[in-house]
Number of protein chains: 2
Amino acid sequence: MKKTAEINATPVCQVRMQAISDTMSLLSGKWKFHILGTLIEGNTLGFMDLLREINGIGTKMLSKELQDLEVNNLVNRRVMNTKPITVEYSITEYGKTLSPLIDEMAKWGIDYRRKVYLKDAK
Amino acid sequence: MKKTAEINATPVCQVRMQAISDTMSLLSGKWKFHILGTLIEGNTLGFMDLLREINGIGTKMLSKELQDLEVNNLVNRRVMNTKPITVEYSITEYGKTLSPLIDEMAKWGIDYRRKVYLKDAK
DNA sequence: GAAACTACTTTCCTTTTAGAAAGTGTCTAG
DNA sequence: CTAGACACTTTCTAAAAGGAAAGTAGTTTC
């Protein structure tokens, strides 16, 4: 008997799959969660502040990722009229809706470390 | 004045950053969330079942990602003693602890779609 | 006027990720 | 004895992601 046709297309699953893909594509890459997490904690920060806060990121990546996040209305970019020009980045109201997701991710990662540590200690 | 030294090393932030990196590295790639989500919904599934359920994935990726997830104790692999050999994949108890994270991700993605749809409709 | 600060952009290069296609090997129904 | 099912692995290649370093551009401090 052939069995190629029966793809599970239950609407609920399809919607969930699509939703997960959407979320991941907006937050893809190595740095977006770090940037968002830092901005959620730290209110407004300048470009150089972020560069110092986020360990390991370079200017190219920071610049590119901030642009992506701005386009998707997750981050505000505000050029200040200061002597050496400064730019203030902050999380948008919409960006704040990612807090539960980021918190879950951090929480799970912390538990994971604890678990690995306990296993190794045995 | 120079400003190269003051890296924010508050323990809380560092731990959160590390935790987020850990979680992301375990769940990296295009397919892990889909596989885990499908297994959480669908109890035990065979390799071909997963291939059919997860739209777009190929055998190479599915095989590789399942191995990764098995190594990290998120997925069980059980070879069944059947005529044409079958393998049953299922989520582990530990894998189930990812449910809240996956749910958050799906929830946010669904809200995002709704928001984009409403904006376009205006 | 040299050095240092702000905020990037650009270029070049390496690594990683992903997919398509074909191959391996076993078993069974017709 | 061939076609199709299951469960992969291997190879080849293309595309995407990421990083290091240098460059651009304006301001300010010493």
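Just so it is clear: chains get the letters A, B, ... in the order the sequence lines come, proteins before strands, and each one is counted from 1. Everything numeric here is computed off the predicted structure, so don't read it as measured data.
Ion pairing of B:R16 with A:E41 is present here, as a side-chain N (NZ or NE/NH1/NH2) and a carboxylate O approach within less than 4.0 Å.
Protein atom CG of B:L50 is 10 Å distant from nucleotide atom P of D:dA7, rounded to whole Å. Residue B:D68 contributes atom CG, which lies 13 Å from atom C1' of C:dT16 at whole-angstrom precision. The distance from atom CG of A:L62 to atom P of D:dG18 is 13 Å, rounded to the nearest whole Å. If you measure from atom NE2 of A:H34 to atom P of D:dG19, you get 10 Å, rounded to the nearest angstrom. One interatomic measurement links the two molecules: NZ of A:K32 to C1' of D:dA17, which rounds to 10 Å at whole-angstrom precision. Taking atom CE on A:M24 and atom P on D:dA16, their separation rounds to 17 Å, with Å as the unit. The nearest whole Å value for the distance from the CG atom in A:N55 to the C1' atom in D:dG19 is 15 Å. Atom CG of A:D49 and atom C1' of C:dA7 are 12 Å apart (whole Å).
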Using the 3.5 Å cut-off, write out each protein N or O paired with an N or O of nucleotides 17-20 of chain C and the distance between them.
{"unit_1": "C:dA18", "atom_1": "OP1", "unit_2": "B:K30", "atom_2": "N", "d": "2.7"}
{"unit_1": "C:dG19", "atom_1": "OP1", "unit_2": "B:K30", "atom_2": "NZ", "d": "2.6"}
{"unit_1": "C:dG19", "atom_1": "OP2", "unit_2": "B:W31", "atom_2": "NE1", "d": "2.9"}
{"unit_1": "C:dG19", "atom_1": "N7", "unit_2": "B:K60", "atom_2": "NZ", "d": "3.1"}
{"unit_1": "C:dG19", "atom_1": "O6", "unit_2": "B:K60", "atom_2": "NZ", "d": "2.4"}

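B:T86 comes within contact range of the sugar-phosphate backbone alone, with a heavy-atom separation under 4.0 Å but no base atom that close. Using a 4.0 Å heavy-atom criterion, one finds that A:E88 contacts no nucleic acid atom at all.
Evaluation of the side-chain contact (heavy atoms from CB on, under 4.5 Å) rule for A:S28 yields A:K32 as partners, not counting sequence neighbours. Partners of A:V79 according to the side-chain contact (heavy atoms from CB on, under 4.5 Å) rule, which considers only residues two or more places apart in sequence or in another chain, are A:R77, A:I85, A:V87. Partners of A:D111 by side-chain contact (heavy atoms from CB on, under 4.5 Å), not counting sequence neighbours, listed by chain and number: A:R114. With sequence neighbours excluded, no residue forms a side-chain hydrogen bond (donor to acceptor under 3.5 Å, both in side chains) with B:T38.
Position along DNA chain C of the nearest nucleotide to B:T59 versus A:V87 favours A:V87 as the more 5'-ward residue.
Applying the ring-ring contact (aromatic ring centres under 6.0 Å, His included) test to pairs two or more places apart or on separate chains, none has a residue in residues 54-81 of chain B. A ring-ring contact (aromatic ring centres under 6.0 Å, His included) check over residues 80-102 of chain A, counting only residues at least two apart or in different chains, returns the pairs A:Y94-B:W108. Among pairs with a residue in residues 18-29 of chain B, those fulfilling salt bridge (Lys or Arg N to Asp or Glu O under 4.0 Å) read A:R113-B:D22, at least two apart in sequence or across chains.
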Subject >> Under 4.0 Å protein heavy-atom contact, by nucleotide of nucleotides 23-30 of chain C - B base, S sugar-phosphate only >> reply: ----SS--
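Looking at every heavy atom in both residues, B:I102 comes nearest to B:G37 through CD1-N, 4.2 Å.
When each of D:dC6, D:dA7, C:dA21 is scored by its nearest atom to the side-chain atoms of B:R52, the top-ranked nucleotide is D:dC6.
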